Amino acid sequence: MVKIKPTEMTKISVTGPKKYLNDVIDELHSLEVLDIEAYDGELETGEPFEEAEDLSQLLVDIRSLESKLPEVDVEEEDLELEEIENNVTEISDKIDRLTGKKERLERNISGLNDERKFFKRITGTGLTYDDLQGSKNLEVFIGVVDEEVLEEKASGSFDIVEGKSASVVIFEKDSDVEQALMDAQERSFELPEGDYSGTPEEIVSNAQTKKNEYRNEIETVEAQLEELAVEWRGKLETAEKYLTERIEKAEAPLNFGTTENTFIIEGWIPSDSYATFEERVAEVTEGKVYIQGEEGENPPVEHDNNRFVKPFESFTDLMSVPKYNEIDPSIVLMLTFPLFFGFMIGDAGYGLTSLAVFYGGMKMFPKASAMFKSLMYASVATFLFGLAFGDAFGYVIFGHHSELAAVTGIHLFEQIPILWHRAEHLSQVFTISAVIGLVHVNLGYLIGMYNEYVRHDFRHAFLEKGSWLMLEAAAILWFLEGTAVGAPVMVIALATLWAGEGVEGIVEIPSLLSNILSYLRIFGVSVAAVSLAAVVNSMANPLLTSGSVIGLAAGIGLLIFGHVFNTFIKIMEGFLQGIRLHYVEMFGKFYEGGGRKYAPFGAEGST
């Protein structure tokens, strides 16, 4: 069954003696149907249970430990909260000690890298570290110098020793060489201070040895951290889940109204869950609580779609959660977005490659699986349109001049009927794009009429949305039948539009044409899709027909690379342009959004 509106909600209140408060909270958490609404009445709001603060602090400590431990594959273990509480400080100290040691070792390696980089520049000079420090009478400059300028400017004596990428200049103190170096130097390097000895080559070698030692120590530290993770991560993850649930329950009374002896809980549940909810809560409280329906505004929104439409809810929520009293546009997205995407790309080969990409994305990113699943619908549409157009990776596979038939000699491919080859019938693609725009925008107005009818009445619906349909009808009549027929209808349409939306509606009339013309981007992307594939094939064909093995291999490689690259380009174009036509051109005709997503107490992700 196709649903077009969110799940029907009922606001309820639960009132009872405080002695049953814990039992009620446990049952509500188990039921996972009540979206609790913060109490805003005359009573005082409740306070969290005494354990909430201590549990929250423990949860913070556990999450801190989890963030410091490396990721390892472990299963959740049986909970022993007391064991974790007793060991949190010890585990934290171990982790801090090991991570601190690892950071120190990494800093040491970074310092050694700088040292090696410096001393490598002056390898080959034959000088020792003591030589580089100078003496009582000699100064040493290390850097890159222009020897001609130095010889021209300096009258004092000096020696230049060439290294791998820098020179060492040795000169007498208090001579003019120091001043000459100011003009001749292109770059200077400062000699590192430290416990060094020997030649640059020896220092570099020693630094590499130390670096290897530090790396071994880091591996040892990482192994110790991994052992801790294997021992504790499973227990910590179990404890985190348990504590999150306990804290959610302990802090729940903050949203309740309370007196000294009673409590009141208000919230929303799906209407078809009311009877089960009432029965379960009455059972745990021995019938001592009172449950009743309440008047309320702004119910939370839960999508109510079948399994085919459900993946497209992610696209709807990406823009905004629908309001409770408007049509859920997920069904519209399911019906038209794959068709737009498929028509724009329209290539059986890219339909298969994009399907592989989206399937891989669904497996690699489970949290975004719904979105990737909806895009797989678009890939199937792309494949089907590709068959209808007789295109696969830019090659003509079916129809009267099938390249597949020419290559294989199977003339059956020429007999397979197709709609048309897009490259030869661009005017038809252009016309269809415009017609799609006209139909899609007006579908938006029709849905908008329904929403206004539900919110108000038929008069509001016709004045605010139906007036736009009348305006379009008037323009068509004017074009087909002339002024005598079209002008009176146009006047009536403008008056209706003014009555429904005022001056704002009149001002927005030009935007209607721009909305429809915006669908010509379907034509643009379709042409680009054909052209990009043709470019890759035209580049590869000379190599494929070169007659050499190298040429054939290069041609195949170019085809693979080019069409993989094109796959991602087409995915981006098809998605962005397809979703834009829905969000910007169509949804503006009926969709307000701004609803509050249904978040039942106890359900995962509700906090």
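All values reported here derive from a predicted model rather than from experimental measurement. Starting from 1, each residue takes its place in the sequence as its number.
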**Check: Phe575 ring centroid to Phe315 ring centroid under 6.0 Å** = yes

With distance as the sole criterion, is a donor-acceptor pair present between the side chains of [X] and [Y] under 3.5 Å?
X      : Y      : result
Thr244 : Arg63  : yes
Glu248 : His29  : yes
Ser467 : Thr496 : no

**Prompt:** Does Thr276 use its side chain to pair, donor to acceptor, with the backbone of Ser273 at less than 3.5 Å?
**Reply:** no

If I take atom [atom1] from residue [X] and atom [atom2] from residue [Y], how far apart are they, to the nearest 0.5 angstrom?
X      : Y      : atom1 : atom2 : result
Lys94  : Glu227 : NZ    : CD    : 10.0 Å
Phe385 : Ile345 : CZ    : CD1   : 11.5 Å
Gln292 : Glu278 : CD    : CD    : 10.5 Å
Arg521 : Phe340 : CZ    : CZ    : 11.5 Å

Should [X] and [Y] count as an ion pair when the cut-off is N to O under 4.0 Å?
X      : Y      : value
Lys249 : Glu245 : yes
Glu592 : Lys323 : yes
Arg280 : Glu283 : no
Lys241 : Glu237 : no
Lys18  : Glu260 : no
Lys570 : Glu573 : no

Shortest non-hydrogen contact from [X] toward [Y]:
X      : Y      : value
Leu254 : Thr45  : O-CB, 3.9 Å
Pro17  : Phe263 : O-CE2, 3.0 Å
Pro270 : Tyr598 : CD-OH, 3.2 Å
Gly602 : Glu32  : O-OE2, 3.5 Å
Gly346 : Thr382 : N-CG2, 4.0 Å
Arg580 : Ser518 : NH1-OG, 3.2 Å

**Asked** Does Glu226 CD have over 12 foreign heavy atoms under 6.0 Å away?
**Response** no

**Message:** Using the rule salt bridge (charged side-chain N to carboxylate O under 4.0 Å, His left out), only one of Glu251, Glu240, Glu51 pairs with Arg246; which is it?
**Reply:** Glu51

**Message:** Check the orientation of Tyr583 and Phe587. Use parallel for under 30°, tilted for 30 to 60°, and perpendicular for over 60°.
**Reply:** tilted

**Parallel, tilted or perpendicular, as decided by the 30° and 60° cut-offs, for the rings of His440 and His582** = perpendicular

**Asked** Pick from Glu37, Glu297, Glu295: which one makes a side chain to side chain donor-acceptor pair (under 3.5 Å) with Lys11?
**Response** Glu37

